[in-house]
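Structure, as C-alpha coordinates:
Each chain gets a letter, A, B and so on, in the order its sequence line appears, and its residues count up from 1. All heavy atoms count here, side chains included; hydrogens, waters and symmetry mates do not.
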Protein chains: 2
Amino acid sequence: MATKNQASGGVSRQVLADHVYEALLVALMDGRLEAGTPVSIDGMARELDVSPTPVREALARLEATGMVRRMALRGYRVAPLFSPEELADLMDARLVIEPANAFMACKHADPQLTAQLEQAIEDLKAAPRGPSFAEFRAYWEADERFHRLIAESAHNQFLLSAYNALGGQVQRFRFFGGLGVTDADYAIAEHTEILKAFESGDPELAREKMVEHIEGVKQRSQHDSEVRS
Amino acid sequence: MATKNQASGGVSRQVLADHVYEALLVALMDGRLEAGTPVSIDGMARELDVSPTPVREALARLEATGMVRRMALRGYRVAPLFSPEELADLMDARLVIEPANAFMACKHADPQLTAQLEQAIEDLKAAPRGPSFAEFRAYWEADERFHRLIAESAHNQFLLSAYNALGGQVQRFRFFGGLGVTDADYAIAEHTEILKAFESGDPELAREKMVEHIEGVKQRSQHDSEVRS
DNA sequence: GCAGCGTAGATCCTATAGGAAATGCGATTT
DNA sequence: AAATCGCATTTCCTATAGGATCTACGCTGC
(Lines give C-alpha, C1' and ligand atoms only; values in the text may rest on other atoms or scores of the structure.)
Protein backbone atom coordinates (compact mmCIF):
# COMPACT_ATOMS: atom_id res chain seq x y z
CA MET A 1 0.00 0.00 0.00
CA ALA A 2 2.52 2.58 1.16
CA THR A 3 -0.32 5.00 1.60
CA LYS A 4 1.60 8.10 2.58
CA ASN A 5 4.66 6.99 4.45
CA GLN A 6 7.33 9.65 4.22
CA ALA A 7 6.99 9.90 0.47
CA SER A 8 7.68 13.61 0.84
CA GLY A 9 10.08 13.25 3.74
CA GLY A 10 9.58 14.85 7.10
CA VAL A 11 5.95 13.88 7.27
CA SER A 12 6.50 10.99 9.58
CA ARG A 13 3.67 8.57 10.00
CA GLN A 14 1.09 9.70 12.46
CA VAL A 15 0.03 7.81 15.48
CA LEU A 16 -3.66 7.32 16.10
CA ALA A 17 -3.39 8.81 19.58
CA ASP A 18 -2.24 12.08 17.99
CA HIS A 19 -5.33 12.19 15.81
CA VAL A 20 -7.53 11.51 18.79
CA TYR A 21 -5.76 14.27 20.70
CA GLU A 22 -6.38 16.75 17.91
CA ALA A 23 -9.99 15.69 17.55
CA LEU A 24 -10.59 16.17 21.25
CA LEU A 25 -8.90 19.56 21.21
CA VAL A 26 -11.05 20.77 18.34
CA ALA A 27 -14.17 19.42 20.00
CA LEU A 28 -13.28 21.26 23.18
CA MET A 29 -12.62 24.58 21.50
CA ASP A 30 -15.59 24.15 19.25
CA GLY A 31 -17.86 23.83 22.21
CA ARG A 32 -19.19 20.42 21.26
CA LEU A 33 -17.75 19.22 24.55
CA GLU A 34 -19.21 21.54 27.11
CA ALA A 35 -17.69 22.20 30.50
CA GLY A 36 -18.50 19.60 33.09
CA THR A 37 -19.65 16.88 30.72
CA PRO A 38 -18.02 13.51 31.24
CA VAL A 39 -15.80 12.16 28.49
CA SER A 40 -16.28 8.43 28.33
CA ILE A 41 -13.27 6.53 27.06
CA ASP A 42 -15.27 3.77 25.47
CA GLY A 43 -17.86 6.18 24.14
CA MET A 44 -15.24 8.43 22.56
CA ALA A 45 -13.61 5.36 21.08
CA ARG A 46 -16.88 4.33 19.45
CA GLU A 47 -17.48 7.86 18.21
CA LEU A 48 -14.06 8.16 16.61
CA ASP A 49 -14.09 4.55 15.47
CA VAL A 50 -10.90 3.54 17.23
CA SER A 51 -10.10 1.34 20.18
CA PRO A 52 -10.05 2.69 23.72
CA THR A 53 -6.27 2.41 23.99
CA PRO A 54 -5.34 5.48 21.92
CA VAL A 55 -8.18 7.44 23.50
CA ARG A 56 -6.79 6.65 26.91
CA GLU A 57 -3.36 7.89 25.90
CA ALA A 58 -4.72 11.09 24.36
CA LEU A 59 -6.71 11.86 27.49
CA ALA A 60 -3.66 11.30 29.67
CA ARG A 61 -1.89 13.99 27.67
CA LEU A 62 -4.87 16.33 27.71
CA GLU A 63 -5.05 16.09 31.47
CA ALA A 64 -1.68 17.82 31.73
CA THR A 65 -3.11 20.83 29.86
CA GLY A 66 -5.90 21.22 32.37
CA MET A 67 -8.59 20.89 29.72
CA VAL A 68 -9.93 17.71 31.28
CA ARG A 69 -9.81 16.38 34.80
CA ARG A 70 -9.42 12.78 35.82
CA MET A 71 -10.73 10.94 38.84
CA ALA A 72 -9.33 7.49 39.35
CA LEU A 73 -11.83 4.79 38.47
CA ARG A 74 -14.42 7.40 37.58
CA GLY A 75 -13.14 8.63 34.25
CA TYR A 76 -12.50 12.01 32.72
CA ARG A 77 -14.69 15.07 32.49
CA VAL A 78 -14.29 18.41 30.79
CA ALA A 79 -12.82 20.99 33.14
CA PRO A 80 -15.26 23.68 34.25
CA LEU A 81 -15.14 27.10 32.64
CA PHE A 82 -13.33 29.79 34.49
CA SER A 83 -15.07 32.01 36.94
CA PRO A 84 -14.32 35.74 36.78
CA GLU A 85 -12.02 35.28 39.78
CA GLU A 86 -10.07 32.53 38.05
CA LEU A 87 -9.83 34.62 34.93
CA ALA A 88 -8.33 37.41 37.02
CA ASP A 89 -5.87 34.94 38.49
CA LEU A 90 -4.91 33.84 35.01
CA MET A 91 -4.19 37.42 34.05
CA ASP A 92 -2.13 37.91 37.20
CA ALA A 93 -0.08 34.90 36.24
CA ARG A 94 0.37 36.22 32.74
CA LEU A 95 1.49 39.49 34.29
CA VAL A 96 4.28 37.59 35.97
CA ILE A 97 5.50 35.60 33.00
CA GLU A 98 4.83 37.51 29.81
CA PRO A 99 6.51 40.82 30.68
CA ALA A 100 9.63 38.83 31.52
CA ASN A 101 9.31 37.09 28.17
CA ALA A 102 9.02 40.43 26.41
CA PHE A 103 12.06 41.77 28.22
CA MET A 104 14.24 38.83 27.27
CA ALA A 105 12.89 38.50 23.75
CA CYS A 106 13.56 42.16 23.07
CA LYS A 107 17.20 41.64 23.89
CA HIS A 108 17.36 39.06 21.09
CA ALA A 109 15.16 41.00 18.70
CA ASP A 110 16.07 40.94 15.02
CA PRO A 111 14.36 42.13 11.82
CA GLN A 112 12.88 38.71 11.23
CA LEU A 113 11.14 38.69 14.58
CA THR A 114 9.74 42.19 14.22
CA ALA A 115 8.50 41.28 10.75
CA GLN A 116 6.69 38.26 12.13
CA LEU A 117 5.19 40.28 14.93
CA GLU A 118 4.02 42.87 12.44
CA GLN A 119 2.45 40.14 10.34
CA ALA A 120 0.59 38.84 13.38
CA ILE A 121 -0.78 42.32 14.02
CA GLU A 122 -1.86 42.66 10.40
CA ASP A 123 -3.64 39.31 10.60
CA LEU A 124 -5.32 40.52 13.77
CA LYS A 125 -6.62 43.57 11.94
CA ALA A 126 -7.90 41.52 9.03
CA ALA A 127 -9.60 38.79 11.06
CA PRO A 128 -13.38 38.73 11.38
CA ARG A 129 -14.78 39.18 14.87
CA GLY A 130 -18.12 37.43 14.93
CA PRO A 131 -19.42 35.36 17.81
CA SER A 132 -19.27 31.98 16.10
CA PHE A 133 -16.36 29.63 16.35
CA ALA A 134 -15.39 29.77 12.70
CA GLU A 135 -15.33 33.54 12.76
CA PHE A 136 -13.16 34.32 15.72
CA ARG A 137 -10.84 31.39 15.25
CA ALA A 138 -8.62 33.40 12.91
CA TYR A 139 -8.57 36.28 15.37
CA TRP A 140 -7.63 34.01 18.22
CA GLU A 141 -4.92 32.36 16.13
CA ALA A 142 -3.27 35.69 15.29
CA ASP A 143 -3.42 36.85 18.90
CA GLU A 144 -1.98 33.61 20.19
CA ARG A 145 0.75 33.72 17.53
CA PHE A 146 1.85 37.19 18.66
CA HIS A 147 2.29 36.18 22.28
CA ARG A 148 3.83 32.82 21.45
CA LEU A 149 6.39 34.42 19.17
CA ILE A 150 7.56 36.54 22.06
CA ALA A 151 7.58 33.61 24.45
CA GLU A 152 9.65 31.54 22.06
CA SER A 153 12.02 34.39 21.29
CA ALA A 154 12.96 34.69 24.94
CA HIS A 155 15.12 31.62 24.30
CA ASN A 156 14.45 30.05 27.64
CA GLN A 157 12.79 26.66 27.45
CA PHE A 158 11.61 26.86 31.05
CA LEU A 159 9.84 30.14 30.65
CA LEU A 160 8.28 28.71 27.52
CA SER A 161 7.12 25.69 29.50
CA ALA A 162 5.65 27.99 32.11
CA TYR A 163 3.87 29.96 29.41
CA ASN A 164 2.46 26.77 27.97
CA ALA A 165 1.43 25.53 31.39
CA LEU A 166 -0.89 28.47 31.82
CA GLY A 167 -3.02 27.01 29.09
CA GLY A 168 -4.47 30.46 29.06
CA GLN A 169 -4.63 30.72 25.34
CA VAL A 170 -6.88 27.78 24.87
CA GLN A 171 -8.96 28.59 27.92
CA ARG A 172 -9.38 32.13 26.78
CA PHE A 173 -10.50 30.76 23.49
CA ARG A 174 -13.19 28.80 25.22
CA PHE A 175 -14.18 31.92 27.08
CA PHE A 176 -14.75 33.78 23.83
CA GLY A 177 -17.32 31.19 22.82
CA GLY A 178 -20.72 32.74 22.46
CA LEU A 179 -19.32 36.15 23.23
CA GLY A 180 -17.15 37.03 20.29
CA VAL A 181 -14.26 39.43 20.15
CA THR A 182 -14.97 42.67 21.94
CA ASP A 183 -11.61 44.29 22.48
CA ALA A 184 -9.99 44.05 19.07
CA ASP A 185 -9.24 47.73 18.68
CA TYR A 186 -7.57 47.96 22.08
CA ALA A 187 -5.60 44.79 21.55
CA ILE A 188 -4.33 45.90 18.15
CA ALA A 189 -3.18 49.24 19.53
CA GLU A 190 -1.43 47.62 22.48
CA HIS A 191 0.24 45.01 20.33
CA THR A 192 1.50 47.79 18.11
CA GLU A 193 3.00 49.55 21.12
CA ILE A 194 4.85 46.38 22.05
CA LEU A 195 6.11 46.01 18.51
CA LYS A 196 7.42 49.57 18.56
CA ALA A 197 9.32 48.83 21.73
CA PHE A 198 10.89 45.83 20.03
CA GLU A 199 11.85 47.91 17.00
CA SER A 200 13.51 50.51 19.20
CA GLY A 201 15.38 47.74 21.01
CA ASP A 202 14.36 48.90 24.47
CA PRO A 203 13.78 45.82 26.65
CA GLU A 204 12.52 47.80 29.62
CA LEU A 205 9.95 49.55 27.44
CA ALA A 206 8.87 46.22 25.97
CA ARG A 207 8.28 44.87 29.45
CA GLU A 208 6.30 47.95 30.35
CA LYS A 209 4.10 47.82 27.28
CA MET A 210 3.40 44.14 27.85
CA VAL A 211 2.30 44.93 31.39
CA GLU A 212 -0.03 47.61 30.09
CA HIS A 213 -1.45 45.23 27.49
CA ILE A 214 -2.22 42.41 29.87
CA GLU A 215 -3.63 44.77 32.45
CA GLY A 216 -5.90 46.05 29.72
CA VAL A 217 -6.92 42.52 28.81
CA LYS A 218 -7.61 41.81 32.46
CA GLN A 219 -9.86 44.82 32.91
CA ARG A 220 -11.76 44.18 29.70
CA SER A 221 -12.22 40.49 30.46
CA GLN A 222 -13.67 41.40 33.83
CA HIS A 223 -16.08 43.71 32.10
CA ASP A 224 -17.03 40.97 29.66
CA SER A 225 -17.67 38.62 32.56
CA GLU A 226 -20.19 41.06 33.98
CA VAL A 227 -21.87 41.41 30.62
CA ARG A 228 -22.06 37.65 30.24
CA SER A 229 -23.62 37.05 33.60
CA MET B 1 0.51 -14.31 38.74
CA ALA B 2 -2.99 -13.05 38.66
CA THR B 3 -3.32 -13.43 42.39
CA LYS B 4 -0.43 -11.41 43.72
CA ASN B 5 -1.93 -7.95 43.56
CA GLN B 6 -4.09 -6.18 46.14
CA ALA B 7 -3.37 -8.83 48.72
CA SER B 8 -2.95 -5.94 51.12
CA GLY B 9 -6.05 -4.51 52.70
CA GLY B 10 -8.07 -3.68 49.67
CA VAL B 11 -9.06 -0.32 51.11
CA SER B 12 -6.55 1.68 49.12
CA ARG B 13 -7.75 0.82 45.68
CA GLN B 14 -5.27 2.45 43.37
CA VAL B 15 -4.94 2.40 39.66
CA LEU B 16 -2.00 0.46 38.34
CA ALA B 17 -0.92 3.33 36.11
CA ASP B 18 -0.39 5.43 39.22
CA HIS B 19 1.91 2.84 40.70
CA VAL B 20 3.84 2.62 37.46
CA TYR B 21 4.13 6.40 37.43
CA GLU B 22 5.54 6.44 40.93
CA ALA B 23 7.92 3.61 40.18
CA LEU B 24 9.24 5.41 37.13
CA LEU B 25 9.64 8.64 39.06
CA VAL B 26 11.63 6.95 41.79
CA ALA B 27 13.75 5.14 39.23
CA LEU B 28 14.49 8.43 37.50
CA MET B 29 15.43 10.27 40.67
CA ASP B 30 17.35 7.29 41.94
CA GLY B 31 19.53 7.30 38.88
CA ARG B 32 18.66 3.77 37.86
CA LEU B 33 17.33 5.29 34.67
CA GLU B 34 20.18 7.36 33.35
CA ALA B 35 19.79 10.26 31.01
CA GLY B 36 19.48 9.30 27.39
CA THR B 37 18.63 5.66 27.93
CA PRO B 38 15.56 4.43 26.10
CA VAL B 39 12.56 3.35 28.16
CA SER B 40 10.95 0.41 26.45
CA ILE B 41 7.26 0.08 27.06
CA ASP B 42 7.20 -3.68 26.83
CA GLY B 43 10.44 -4.01 28.75
CA MET B 44 9.23 -1.81 31.58
CA ALA B 45 5.99 -3.78 31.64
CA ARG B 46 7.92 -7.02 32.07
CA GLU B 47 10.13 -5.50 34.74
CA LEU B 48 7.19 -4.22 36.78
CA ASP B 49 5.12 -7.31 36.04
CA VAL B 50 2.20 -5.46 34.50
CA SER B 51 0.82 -5.17 31.01
CA PRO B 52 2.04 -2.48 28.63
CA THR B 53 -1.21 -0.54 28.80
CA PRO B 54 -0.68 1.12 32.21
CA VAL B 55 2.96 1.72 31.35
CA ARG B 56 1.89 3.55 28.24
CA GLU B 57 -0.45 5.76 30.22
CA ALA B 58 2.14 6.52 32.89
CA LEU B 59 4.69 7.50 30.26
CA ALA B 60 2.19 9.78 28.56
CA ARG B 61 1.83 11.63 31.84
CA LEU B 62 5.56 11.69 32.50
CA GLU B 63 6.16 13.23 29.11
CA ALA B 64 4.33 16.37 30.24
CA THR B 65 6.83 16.79 33.08
CA GLY B 66 9.76 16.80 30.69
CA MET B 67 11.41 13.86 32.40
CA VAL B 68 11.06 11.67 29.32
CA ARG B 69 10.81 12.52 25.66
CA ARG B 70 8.71 10.70 23.12
CA MET B 71 9.31 10.17 19.43
CA ALA B 72 6.35 8.78 17.56
CA LEU B 73 6.82 5.13 16.67
CA ARG B 74 10.25 5.12 18.28
CA GLY B 75 9.36 5.04 21.91
CA TYR B 76 10.39 7.03 24.96
CA ARG B 77 13.81 7.89 26.28
CA VAL B 78 15.01 9.60 29.43
CA ALA B 79 15.51 13.32 28.87
CA PRO B 80 19.14 14.42 28.86
CA LEU B 81 20.63 16.02 31.93
CA PHE B 82 20.87 19.77 31.95
CA SER B 83 23.89 21.56 30.71
CA PRO B 84 25.21 24.44 32.84
CA GLU B 85 23.57 26.85 30.40
CA GLU B 86 20.20 25.14 30.80
CA LEU B 87 20.62 25.15 34.54
CA ALA B 88 21.18 28.89 34.37
CA ASP B 89 18.06 29.24 32.26
CA LEU B 90 16.12 27.27 34.84
CA MET B 91 17.28 29.63 37.55
CA ASP B 92 16.33 32.62 35.42
CA ALA B 93 12.85 31.18 35.05
CA ARG B 94 12.63 30.58 38.79
CA LEU B 95 13.69 34.19 39.27
CA VAL B 96 10.63 35.21 37.31
CA ILE B 97 8.08 33.00 39.05
CA GLU B 98 9.16 32.36 42.61
CA PRO B 99 9.64 35.95 43.79
CA ALA B 100 6.13 36.67 42.55
CA ASN B 101 4.93 33.63 44.49
CA ALA B 102 6.67 34.88 47.61
CA PHE B 103 5.13 38.33 47.23
CA MET B 104 1.60 36.99 46.89
CA ALA B 105 1.99 34.30 49.52
CA CYS B 106 3.27 36.84 52.03
CA LYS B 107 0.09 38.82 51.64
CA HIS B 108 -1.86 35.74 52.75
CA ALA B 109 0.60 34.70 55.42
CA ASP B 110 -0.78 33.32 58.66
CA PRO B 111 0.77 31.61 61.71
CA GLN B 112 0.10 28.19 60.29
CA LEU B 113 2.09 28.93 57.14
CA THR B 114 5.04 30.39 58.99
CA ALA B 115 5.03 27.39 61.31
CA GLN B 116 5.15 25.03 58.35
CA LEU B 117 7.94 27.04 56.74
CA GLU B 118 9.89 26.95 59.97
CA GLN B 119 9.41 23.20 60.15
CA ALA B 120 10.76 22.84 56.63
CA ILE B 121 13.85 24.80 57.61
CA GLU B 122 14.34 22.67 60.71
CA ASP B 123 14.10 19.53 58.59
CA LEU B 124 16.63 21.03 56.24
CA LYS B 125 19.05 21.52 59.12
CA ALA B 126 18.55 17.99 60.37
CA ALA B 127 18.86 16.23 57.03
CA PRO B 128 22.02 14.33 56.13
CA ARG B 129 23.97 15.65 53.17
CA GLY B 130 25.85 12.73 51.74
CA PRO B 131 26.30 12.04 48.05
CA SER B 132 24.10 8.95 47.86
CA PHE B 133 20.47 9.03 46.95
CA ALA B 134 19.17 7.80 50.25
CA GLU B 135 21.14 10.44 52.10
CA PHE B 136 20.21 13.61 50.29
CA ARG B 137 16.65 12.59 49.58
CA ALA B 138 15.48 13.99 52.91
CA TYR B 139 17.37 17.22 52.28
CA TRP B 140 15.83 17.58 48.86
CA GLU B 141 12.37 16.85 50.21
CA ALA B 142 12.61 19.58 52.84
CA ASP B 143 13.94 22.10 50.33
CA GLU B 144 11.22 21.29 47.83
CA ARG B 145 8.58 21.48 50.54
CA PHE B 146 9.68 25.00 51.50
CA HIS B 147 9.36 26.34 47.98
CA ARG B 148 6.17 24.45 47.24
CA LEU B 149 4.51 25.75 50.38
CA ILE B 150 5.12 29.28 49.16
CA ALA B 151 3.93 28.47 45.66
CA GLU B 152 0.73 26.96 46.99
CA SER B 153 0.15 29.79 49.44
CA ALA B 154 0.11 32.32 46.62
CA HIS B 155 -3.41 31.03 45.99
CA ASN B 156 -3.16 31.26 42.24
CA GLN B 157 -3.60 27.96 40.46
CA PHE B 158 -1.96 29.27 37.31
CA LEU B 159 1.20 30.39 39.02
CA LEU B 160 1.25 27.00 40.71
CA SER B 161 0.93 25.31 37.34
CA ALA B 162 3.79 27.43 36.04
CA TYR B 163 5.88 26.49 39.04
CA ASN B 164 5.15 22.83 38.46
CA ALA B 165 5.89 23.15 34.76
CA LEU B 166 9.45 24.15 35.50
CA GLY B 167 10.02 20.66 36.80
CA GLY B 168 13.01 22.29 38.32
CA GLN B 169 12.73 20.54 41.61
CA VAL B 170 12.96 17.09 40.20
CA GLN B 171 15.60 18.02 37.67
CA ARG B 172 17.68 19.66 40.34
CA PHE B 173 17.37 16.52 42.31
CA ARG B 174 18.81 14.57 39.44
CA PHE B 175 21.59 17.10 39.25
CA PHE B 176 22.53 16.47 42.85
CA GLY B 177 23.14 12.83 42.03
CA GLY B 178 26.76 11.89 42.61
CA LEU B 179 27.51 15.35 43.87
CA GLY B 180 25.67 15.65 47.14
CA VAL B 181 24.51 18.74 48.88
CA THR B 182 27.12 21.47 48.86
CA ASP B 183 25.26 24.63 49.72
CA ALA B 184 23.22 23.62 52.74
CA ASP B 185 24.49 26.36 55.04
CA TYR B 186 23.77 29.09 52.52
CA ALA B 187 20.35 27.68 51.68
CA ILE B 188 19.36 27.44 55.32
CA ALA B 189 20.38 31.02 55.99
CA GLU B 190 18.54 32.32 52.93
CA HIS B 191 15.41 30.34 53.72
CA THR B 192 15.48 31.81 57.19
CA GLU B 193 15.67 35.32 55.74
CA ILE B 194 12.59 34.57 53.64
CA LEU B 195 10.77 33.23 56.67
CA LYS B 196 11.58 36.39 58.62
CA ALA B 197 10.12 38.48 55.84
CA PHE B 198 6.95 36.40 56.04
CA GLU B 199 6.77 36.84 59.79
CA SER B 200 7.12 40.58 59.47
CA GLY B 201 4.37 40.58 56.82
CA ASP B 202 6.39 42.58 54.30
CA PRO B 203 5.60 41.23 50.82
CA GLU B 204 8.17 43.40 49.08
CA LEU B 205 10.86 42.14 51.42
CA ALA B 206 9.78 38.55 50.85
CA ARG B 207 10.12 39.06 47.12
CA GLU B 208 13.54 40.57 47.59
CA LYS B 209 14.81 37.77 49.80
CA MET B 210 13.54 35.17 47.37
CA VAL B 211 15.44 36.89 44.57
CA GLU B 212 18.59 36.82 46.66
CA HIS B 213 18.10 33.17 47.47
CA ILE B 214 17.62 32.00 43.91
CA GLU B 215 20.46 34.15 42.66
CA GLY B 216 22.58 32.47 45.29
CA VAL B 217 21.41 29.04 44.15
CA LYS B 218 22.20 30.01 40.57
CA GLN B 219 25.73 31.09 41.36
CA ARG B 220 26.46 28.05 43.47
CA SER B 221 25.03 25.65 40.91
CA GLN B 222 27.25 27.19 38.27
CA HIS B 223 30.21 26.62 40.53
CA ASP B 224 29.17 23.03 41.08
CA SER B 225 28.92 22.53 37.35
CA GLU B 226 32.53 23.54 36.99
CA VAL B 227 33.57 21.21 39.76
CA ARG B 228 31.69 18.35 38.19
CA SER B 229 33.27 18.75 34.79
C1' DG C 1 38.04 -7.56 3.26
C1' DC C 2 33.81 -5.15 2.46
C1' DA C 3 29.19 -4.08 0.73
C1' DG C 4 24.50 -5.62 0.16
C1' DC C 5 20.70 -8.55 1.51
C1' DG C 6 17.58 -11.44 4.18
C1' DT C 7 15.98 -13.37 8.26
C1' DA C 8 15.04 -13.18 13.28
C1' DG C 9 14.07 -10.62 17.17
C1' DA C 10 12.46 -6.68 19.55
C1' DT C 11 9.47 -2.80 19.84
C1' DC C 12 5.65 0.10 19.02
C1' DC C 13 0.91 0.51 18.15
C1' DT C 14 -3.89 -0.91 17.96
C1' DA C 15 -7.69 -4.00 18.72
C1' DT C 16 -10.24 -7.17 21.50
C1' DA C 17 -11.73 -9.68 25.72
C1' DG C 18 -12.96 -9.96 30.32
C1' DG C 19 -13.03 -8.75 35.35
C1' DA C 20 -14.27 -5.16 38.80
C1' DA C 21 -16.43 -1.17 40.20
C1' DA C 22 -19.87 2.39 39.64
C1' DT C 23 -24.28 4.17 38.00
C1' DG C 24 -29.21 3.94 37.07
C1' DC C 25 -33.59 2.09 37.91
C1' DG C 26 -37.24 -0.36 39.70
C1' DA C 27 -39.23 -3.03 43.46
C1' DT C 28 -39.69 -3.60 48.28
C1' DT C 29 -40.00 -2.12 53.03
C1' DT C 30 -40.77 1.14 56.90
C1' DA D 1 -44.22 8.78 50.67
C1' DA D 2 -39.35 8.17 51.36
C1' DA D 3 -35.53 5.31 51.89
C1' DT D 4 -33.17 1.01 50.89
C1' DC D 5 -31.91 -3.05 48.44
C1' DG D 6 -30.90 -5.74 44.32
C1' DC D 7 -30.18 -6.32 39.55
C1' DA D 8 -28.70 -4.86 34.98
C1' DT D 9 -26.10 -1.83 32.23
C1' DT D 10 -22.39 1.09 31.56
C1' DT D 11 -17.70 2.33 32.26
C1' DC D 12 -13.12 1.91 33.72
C1' DC D 13 -9.08 -0.77 33.95
C1' DT D 14 -5.85 -4.46 32.76
C1' DA D 15 -4.25 -8.27 30.08
C1' DT D 16 -3.44 -10.53 25.80
C1' DA D 17 -2.93 -11.04 20.73
C1' DG D 18 -1.46 -9.69 16.38
C1' DG D 19 0.08 -6.51 12.60
C1' DA D 20 3.67 -3.18 11.12
C1' DT D 21 8.07 -1.26 11.55
C1' DC D 22 12.72 -0.84 13.07
C1' DT D 23 17.21 -3.01 14.54
C1' DA D 24 20.71 -6.58 14.76
C1' DC D 25 23.25 -10.02 12.86
C1' DG D 26 24.82 -13.38 9.92
C1' DC D 27 25.30 -14.76 5.13
C1' DT D 28 26.40 -14.33 0.30
C1' DG D 29 28.75 -12.22 -3.45
C1' DC D 30 32.34 -9.18 -5.40
Side-chain angles (χ1 to χ4, degrees), chain A residues 1-24 27 32-34 36-64 67-79, chain B residues 1-24 27 32-34 36-64 67-79:
Chain A
M1 295 304 105
T3 51
K4 52 173 86 78
N5 44 353
Q6 71 217 57
S8 62
V11 194
S12 75
R13 224 168 31 107
Q14 280 258 5
V15 177
L16 253 185
D18 294 340
H19 284 154
V20 176
Y21 184 91
E22 290 294 327
L24 284 171
R32 287 197 308 267
L33 285 179
E34 280 181 40
T37 55
V39 182
S40 157
I41 295 175
D42 292 345
M44 192 56 61
R46 282 192 297 271
E47 191 172 323
L48 298 178
D49 201 36
V50 296
S51 81
T53 311
V55 176
R56 179 172 292 276
E57 188 171 332
L59 282 171
R61 284 187 230 162
L62 260 185
E63 191 195 2
M67 302 280 289
V68 298
R69 281 168 166 51
R70 163 178 171 272
M71 289 170 59
L73 300 175
R74 302 200 42 181
Y76 294 87
R77 50 181 50 236
V78 180
Chain B
M1 65 170 65
T3 59
K4 67 172 283 206
N5 39 0
Q6 89 231 39
S8 61
V11 186
S12 66
R13 166 114 174 104
Q14 272 240 359
V15 177
L16 255 186
D18 294 340
H19 283 157
V20 176
Y21 184 91
E22 290 294 328
L24 284 171
R32 288 196 308 266
L33 285 178
E34 279 181 39
T37 56
V39 182
S40 158
I41 295 174
D42 292 345
M44 192 56 61
R46 282 192 298 273
E47 191 172 324
L48 298 178
D49 201 35
V50 297
S51 81
T53 311
V55 176
R56 180 174 292 277
E57 189 171 332
L59 282 171
R61 283 188 231 161
L62 260 184
E63 190 196 1
M67 302 280 289
V68 299
R69 282 172 166 54
R70 163 179 171 271
M71 288 170 59
L73 300 175
R74 303 205 42 181
Y76 293 85
R77 50 182 47 235
V78 180

Note to self: Just the rounded figure in Å: distance from C1' of C:dC12 to CD1 of B:I41.
What the structure shows: 6 Å
Next item on the list: Send over the distance from B:M71 CE to D:dC22 C1', rounded to a whole Å.
Entry: 12 Å
Atom pairs under 3.5 Å, N or O on each side, protein against nucleotides 22-24 of chain C: can you list them with distances?
{"from": "C:dT23", "atom 1": "OP1", "to": "A:R74", "atom 2": "NE", "distance (Å)": "3.2"}
{"from": "C:dT23", "atom 1": "OP1", "to": "A:R74", "atom 2": "NH2", "distance (Å)": "2.7"}

Notebook entry, point to check: Between B:A17 and B:A58, which heavy-atom pair has the shortest distance, and what is it?
Noted result: O-CB, 3.7 Å
Next item on the list: For DNA chain C, determine which residues of residues 45-58 of chain A have any heavy atom closer than 4.0 angstrom to one of its atoms, and list them numerically.
Entry: A:V50, A:S51, A:P52, A:T53, A:P54
Item checked: Carboxylate-amine/guanidinium proximity below 4.0 Å for B:D18 and B:R61 -> yes
Next item on the list: Decide yes or no on side chain to side chain contact (heavy atoms under 4.5 Å, CB included) for A:V78 and A:E34, but give the supporting numbers first.
Entry: CA-CA 7 Å; A:V78 180; A:E34 280 181 40; over 6 Å; no
Checklist line | Euclidean distance, atom CG of residue A:D42 to atom P of D:dT10 [Å, nearest integer] | finding: 11 Å
Item checked: Nearest-angstrom distance from the residue atom CG of A:L16 to C1' of C:dT16 -> 15 Å
Notebook entry, point to check: Who passes side-chain hydrogen bond (donor to acceptor under 3.5 Å, both in side chains) against B:R77, sequence neighbours left out?
Noted result: none
Note to self: Please identify which of these residues, A:T53, A:V55, A:D49, meets the side chain to side chain contact (heavy atoms under 4.5 Å, CB included) condition with A:S51.
What the structure shows: A:T53
Next item on the list: Specify the separation, in whole Å, of atom CZ of A:R70 and atom P of D:dC12.
Entry: 11 Å
Checklist line | For the student: nearest non-hydrogen atoms of B:S40 and B:G43, plus distance | finding: OG-N, 2.9 Å
Note to self: Please classify the nucleic acid contact of B:V20 as base, sugar-phosphate, or nothing, using heavy-atom distances under 4.0 Å.
What the structure shows: nothing
Next item on the list: Side-chain contact test, heavy atoms from C-beta onward, threshold under 4.5 Å: evaluate it for A:M44 versus A:L24 and give yes or no.
Entry: yes
Notebook entry, point to check: Could you give the CG-to-P distance, from B:D18 to D:dC12, as a whole number of Å?
Noted result: 15 Å
Notebook entry, point to check: Given atom CE of A:M44 and atom P of D:dT10, what is their separation to the nearest angstrom?
Noted result: 17 Å
Margin query: Is the shortest side-chain heavy-atom distance between A:R70 and B:V15 below 4.5 Å?
Written below: yes
Next item on the list: Can you tell me the distance, in whole Å, between the NE2 atom of A:H19 and the P atom of C:dA15?
Entry: 13 Å
Next item on the list: Look up atom CE in B:M67 and atom OH in B:Y76, then write down how far apart they are to the nearest 0.5 Å.
Entry: 14.5 Å
